[in-house]
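Excluded from the calculations below are hydrogen atoms, water molecules and symmetry mates; all remaining heavy atoms, backbone and side chain alike, are included. Note on naming: letters A, B, ... go to the chains in the order of the sequence lines (proteins, then strands), and numbering restarts at 1 for each one.
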2 protein chains.
Amino acid sequence: MNVEEIIKTSKKIPLEPRTLIHMELVHNKINEIMYGALKPFEVSLQQFNVLRILRGQQGKPANLSTLNDRMVTKMSNTTRLVDKLLSKGFVNRTVCPSNRRKVEIVITDSGLKALRQMDESLEDAHKVIYQNFKKEDLEQLNYLLDKF
Amino acid sequence: MNVEEIIKTSKKIPLEPRTLIHMELVHNKINEIMYGALKPFEVSLQQFNVLRILRGQQGKPANLSTLNDRMVTKMSNTTRLVDKLLSKGFVNRTVCPSNRRKVEIVITDSGLKALRQMDESLEDAHKVIYQNFKKEDLEQLNYLLDKF
DNA sequence: TACATACATTTGTATATACAAATATTGTTT
DNA sequence: AAACAATATTTGTATATACAAATGTATGTA
């Protein structure tokens, strides 16, 4: 990736703002590839993320605030995100019997099946995204990202 | 930044997906700080970016497609973004006399003045964002980001 | 000149997201 | 028990963004 080429400038950009631009460009690129990989399943990255969280629960239901805590991008509107998954038949939602303020969300068999297919598609996306990376590069990158 | 703590998981996440989550978390954090820095001026990051591009033109007008080329996040709707800057008095827009399909956009004195203030605010944001970074860390990070 | 094509921007519309206020339920205090 | 505060979710609304179609202008060709 060549920053200056993408934003079509010949000027030298100072290191600090350049890094922010660089991060943004990489973020956009990753998002594009990931959305492409999820497109056949008609779910957003956020929805995919929620499905993975639910699978991680191993049958144990999750409520909305738990989902929100565990989401990578915390958003205000988990209700409507779950609505979408519900309308696709990927999750079930019931009122929690012991505390009726809460809802209990579980992933369905159909959701699990779809998720397994998404995993395969995401594997391919990873291959594209990381084609120039060695394992040590990724470790070094994670080390540096921790400094933020 | 501790990935596992933020998304409240105790499980070990494989390196590749972990890096993507890491990137997303850092991106969100940077955005939050940047938007905070720009809040007093009531401009979005995209709008700020366009103002900087216009300043870089050194008086030479830019048309919409040029702006779009140079923007960090290319978007479909540069027209409406420029509308916003126009209503704030930060830019002027005129029809290009030699080719009436094009528009010519220039930054106003008021826009330049506001931009100088934003620069100061962004300087502070940089200090927050990069407080744990040495120069060599940033160089190494840029080197690794190029692999995407 | 008339026609088709290409170019630059604008507009319409659907969807996404952010933020605040509203609703419903539970827990606490007097 | 009544009143109040705390919790969990839902809803309303404003704003943002993506994508496609529409508009207006310029260029090339028969």
Glu32(B), CD: over 12 other non-hydrogen atoms inside 6.0 angstrom: no
Euclidean distance, atom [atom1] of residue [X] to atom [atom2] of [N] [Å, nearest integer]:
X: Leu38(A); N: dA16(C); atom1: CG; atom2: P; result: 13 Å
X: Glu32(B); N: dT17(C); atom1: CD; atom2: P; result: 16 Å
X: Arg101(A); N: dT23(C); atom1: CZ; atom2: P; result: 18 Å
X: Leu67(A); N: dA8(D); atom1: CG; atom2: P; result: 13 Å
X: Ile105(B); N: dA8(C); atom1: CD1; atom2: C1'; result: 11 Å
X: Asp83(A); N: dT9(D); atom1: CG; atom2: C1'; result: 11 Å
X: Met75(B); N: dA20(D); atom1: CE; atom2: C1'; result: 16 Å
X: Leu45(A); N: dT17(C); atom1: CG; atom2: C1'; result: 15 Å

Closest-nucleotide ordering on DNA chain C, the 5'-leading residue of Ser98(A) and Gln46(A): Gln46(A)
Residue whose nearest DNA chain C nucleotide is more 5′ - Glu104(B) or Ser44(A): Glu104(B)
Residues Ser65(A) and Asn68(A): side-chain donor-acceptor under 3.5 angstrom: no
Asn142(B)-Thr19(A) side chain donor-acceptor pair, cut-off 3.5 Å: yes
Residue whose nearest DNA chain D nucleotide is more 5′ - Arg80(A) or Val103(A): Val103(A)
Steps toward side-chain contact (heavy atoms from CB on, under 4.5 Å) verdict (Phe133(A), Leu15(B)): CA-CA 12 Å; Phe133(A) 281 88; Leu15(B) 194 55; over 6 Å; no
Nucleotide nearest Asn77(B) when distance is taken to its side chain, options dG24(D), dT9(C), dC19(D): dC19(D)
Proximity to the side chain of Asn63(B) - top-ranked nucleotide from dT9(D), dT25(C), dT9(C): dT9(C)
Students often get this wrong, so: under 4.0 angstrom with heavy atoms, is [X] touching a base, only sugar-phosphate, or nothing?
X: Ser65(B); result: sugar-phosphate
X: Lys84(A); result: sugar-phosphate
X: Ser76(A); result: base

Aromatic plane relationship, His126(B) with Tyr130(B) - under 30° parallel, 30 to 60° tilted, over 60° perpendicular: tilted
No-H, no-angle donor-acceptor pair, Arg100(A) side chain to dG27(C) base, under 3.5 Å: no
